[in-house]
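Because only heavy atoms are used, hydrogens play no part in the values below, and waters and symmetry mates are left out as well, while side chains stay in. Letters A, B, ... are given to chains in the order of the sequence lines, protein chains preceding strands, and every chain is numbered from 1. Note that the structure is predicted; figures quoted are calculated from it, not measured.
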Number of protein chains: 2
Amino acid sequence: MRRRTEPPGLTLAERKRQLVRDELGDAALRLLARQGFEETTVDQLAAAAGVSRRTFFRYFASKEDVVISFIGLVGEQIVAEVEARPAGEPPAVAIREAVKAVTVEDFTENREKSVALIRHTLQIPALRARFAERQDLLRDDIAEALARRQDLPEPTPRLHFAAGLGLLAFAGALKHWAEVDGHADPAAVLDAAFTEAGKAFAL
Amino acid sequence: MRRRTEPPGLTLAERKRQLVRDELGDAALRLLARQGFEETTVDQLAAAAGVSRRTFFRYFASKEDVVISFIGLVGEQIVAEVEARPAGEPPAVAIREAVKAVTVEDFTENREKSVALIRHTLQIPALRARFAERQDLLRDDIAEALARRQDLPEPTPRLHFAAGLGLLAFAGALKHWAEVDGHADPAAVLDAAFTEAGKAFAL
DNA sequence: CCGAACTTGGCACTGAGTGTCAACTGTGGC
DNA sequence: GCCACAGTTGACACTCAGTGCCAAGTTCGG
């Protein structure tokens, strides 16, 4: 089955698979940026990467998934980081720091690509919808991570709200950062968004 | 074109249209409850209401829309109520009271139907996704209503977060209320959810 | 009774997403 | 080198959502 000894952590086949996936993703992003999301069919996406339509769907569950899957990756990492934060830390801080740990470096290094990705995601209705869907699912995962972090069997409502508001702050920061073309310190933008979010429900 | 004098507020044609829409909605909800969402095709939905497939899509933009459109109605009303709240009131309170004004009576009167609707929406992935999408759009609308209410040209980030957290509280209350089969005072459940949400980001 | 506006159903079409199968490729064991 | 085996691929066929178009009703005002 799987190889028992995996030199750098991955099987050759797995690295190959990742290569195809990357190529598919890159080609798709280029094509979508050029002719728009709705105007591009999956056939074109597949052709652009030199594979069949059927193969495209073996790598991505849907057309939207090519764009959104990046966010899925980020989500997984955020969940892992949240869980690793010290149990005594307030949920809001844990989420904020987790988000920062996952995104800041990445955004700074790939500024242009990140900006383009965020723009597309927030502007094209179909993508925005999928983004909202992902966030919805991610909220549950983060709430559970927050609970595990402090040895609770399951998340309290309050942790759910904390996770939700944290994601709202994250999304708000993304939007703002993309609006200034990524010409701002991601960490500062995130901090500002979280601070502002914290004040939103004051009475 | 439209009639100039509309006796009880609506044209005959408009009331007729509403009738068909209601019938379509009722039939759909019955059918979906019986055989599940994914397992039901639009053809069946249309047939159940004695109408052609094509006509179905003249009343609802998508299959999900039959279920979700109820929420769209509620959303519009909430936006209107929010805008009508006094300008001095904190955003969180404005939203809470607006939601209460729109939903409490309705939920109390149509308990069973409401519970079923909420259950479906939150449990079936495709519906949950559309629900998240609607919430996402509604958030912007509520934020704008909050801004108009206090004569701001456009919503501040803080108002966006308030709108978002308000909707999280609303959704949380819906979930909880459905979980206890609607055997709880909707107003109390909402109040509790909003209070809890307000504490979620405390440091 | 007539014409304008609207509704409806039927038909054809595009495009997303899935199941299935046969051909191919690489890997490991012998 | 050869063989079995697991995984990948492309091709084909199919279902189903959603849309454009048109011809046949229906309704209502004049």
Side-chain angles (χ1 to χ4, degrees), chain A residues 1-8 10-25 27-28 31-32 35-69 124-127 129-130 133, chain B residues 1-8 10-25 27-28 31-32 35-69 124-127 129-130 133:
Chain A
M1 245 206 174
R2 306 264 172 223
R3 205 182 231 194
R4 288 141 296 285
T5 55
E6 296 145 6
L10 286 173
T11 277
L12 177 84
E14 278 168 337
R15 272 179 291 146
K16 228 158 138 189
R17 199 152 206 291
Q18 191 56 48
L19 211 72
V20 177
R21 190 182 166 93
D22 287 348
E23 171 57 25
L24 219 26
L31 193 54
L32 291 176
Q35 52 171 252
F37 185 82
E38 275 106 0
E39 293 72 27
T40 309
T41 69
V42 173
D43 289 82
Q44 295 176 308
L45 258 28
V51 298
S52 76
R53 211 176 97 80
R54 194 64 188 83
T55 295
F56 174 92
F57 281 113
R58 288 200 180 95
Y59 284 88
F60 296 99
S62 70
K63 188 174 146 190
E64 290 88 350
D65 211 43
V66 185
V67 183
I68 296 296
S69 66
I124 291 147
L127 291 176
R130 296 283 184 144
E133 181 185 356
Chain B
M1 246 206 175
R2 305 269 171 220
R3 203 181 232 193
R4 286 144 294 291
T5 55
E6 295 145 7
L10 286 173
T11 277
L12 177 84
E14 278 168 339
R15 271 179 292 146
K16 228 157 137 188
R17 197 154 207 290
Q18 192 56 47
L19 211 73
V20 176
R21 190 182 165 93
D22 288 347
E23 171 56 26
L24 219 26
L31 192 54
L32 292 175
Q35 53 171 248
F37 185 82
E38 275 105 0
E39 292 73 26
T40 308
T41 68
V42 174
D43 290 80
Q44 295 175 309
L45 258 29
V51 133
S52 76
R53 211 176 97 80
R54 194 65 189 81
T55 294
F56 175 93
F57 281 113
R58 289 200 177 95
Y59 284 88
F60 297 99
S62 70
K63 189 175 146 189
E64 289 90 349
D65 212 43
V66 185
V67 183
I68 296 295
S69 67
I124 292 147
L127 291 176
R130 295 284 184 143
E133 181 185 355

Legend entry - Residue pair A:Phe37 / A:Glu64: nearest heavy atoms and the distance that separates them: CZ-CG, 3.6 Å
Inset, instruction - Kindly give the heavy-atom pair with the smallest separation between A:Leu127 and A:Val67, and that separation in Å. - result: CD2-CB, 4.0 Å
Legend entry - Minimal non-hydrogen separation, B:Ser69 against B:Val66, with atom names: OG-O, 3.6 Å
Inset, instruction - Starting at CG of A:Leu32, measure out to CD of A:Gln44 and round the result to the nearest 0.5 Å. - result: 9.5 Å
Inset, instruction - Would you indicate, yes or no, if C:dT7 has its OP1 or OP2 atom less than 4.0 angstrom from a side-chain nitrogen or oxygen of B:Tyr59? - result: no
Inset, instruction - Starting from the first five and the last five pairs of the helix from C:dC1-D:dG30 to C:dC30-D:dG1, work out the angle between the resulting helix axes, to 10 degrees. - result: 10°
Inset, instruction - Grab the CG-P distance between A:Asp65 and C:dT18 for me, whole Å please. - result: 11 Å
Inset, instruction - Identify the heavy atoms of B:Ala46 and B:Phe56 that sit nearest to each other, and give their distance. - result: CB-CB, 4.2 Å
Legend entry - Nucleotide C:dA16, atom C1' - distance to CD of A:Gln44 in whole Å: 14 Å
Inset, instruction - Nearest whole angstrom, please: distance from the C1' of C:dG17 to the CG of A:Leu45. - result: 14 Å
Legend entry - Short side-chain N/O contact to D:dG10 OP1/OP2 from A:Thr55, under 4.0 Å: yes
Legend entry - Polar side-chain atom of A:Lys63 near backbone of A:Leu45 as donor-acceptor pair, under 3.5 Å: no
Inset, instruction - Starting at atom NZ of B:Lys16, determine the distance to atom P of C:dT7, rounded to an integer number of angstrom. - result: 10 Å
Inset, instruction - Measure the CZ-CG distance between A:Arg15 and A:Asp22 for me, rounded to the nearest 0.5 Å. - result: 13.0 Å
Legend entry - Considering all heavy atoms, the nearest A:Ser62-A:Phe57 contact: CA-CE2, 4.2 Å
Legend entry - Residue pairs involving residues 38-51 of chain A (criterion salt bridge (charged side-chain N to carboxylate O under 4.0 Å, His left out); sequence neighbours excluded): A:Asp43-A:Arg53
Inset, instruction - For each nucleotide in nucleotides 16-23 of chain D, reading 5' to 3', give B when a protein heavy atom comes within less than 4.0 Å of its base, S when such contact involves only the sugar-phosphate, and - otherwise. - result: SSBBBB--
Inset, instruction - Please state how far atom CG in A:Leu24 lies from atom P in D:dT8, giving the value in whole angstrom units. - result: 14 Å
Legend entry - Spacing between A:Arg17 atom CZ and C:dT27 atom C1', to the nearest angstrom: 18 Å
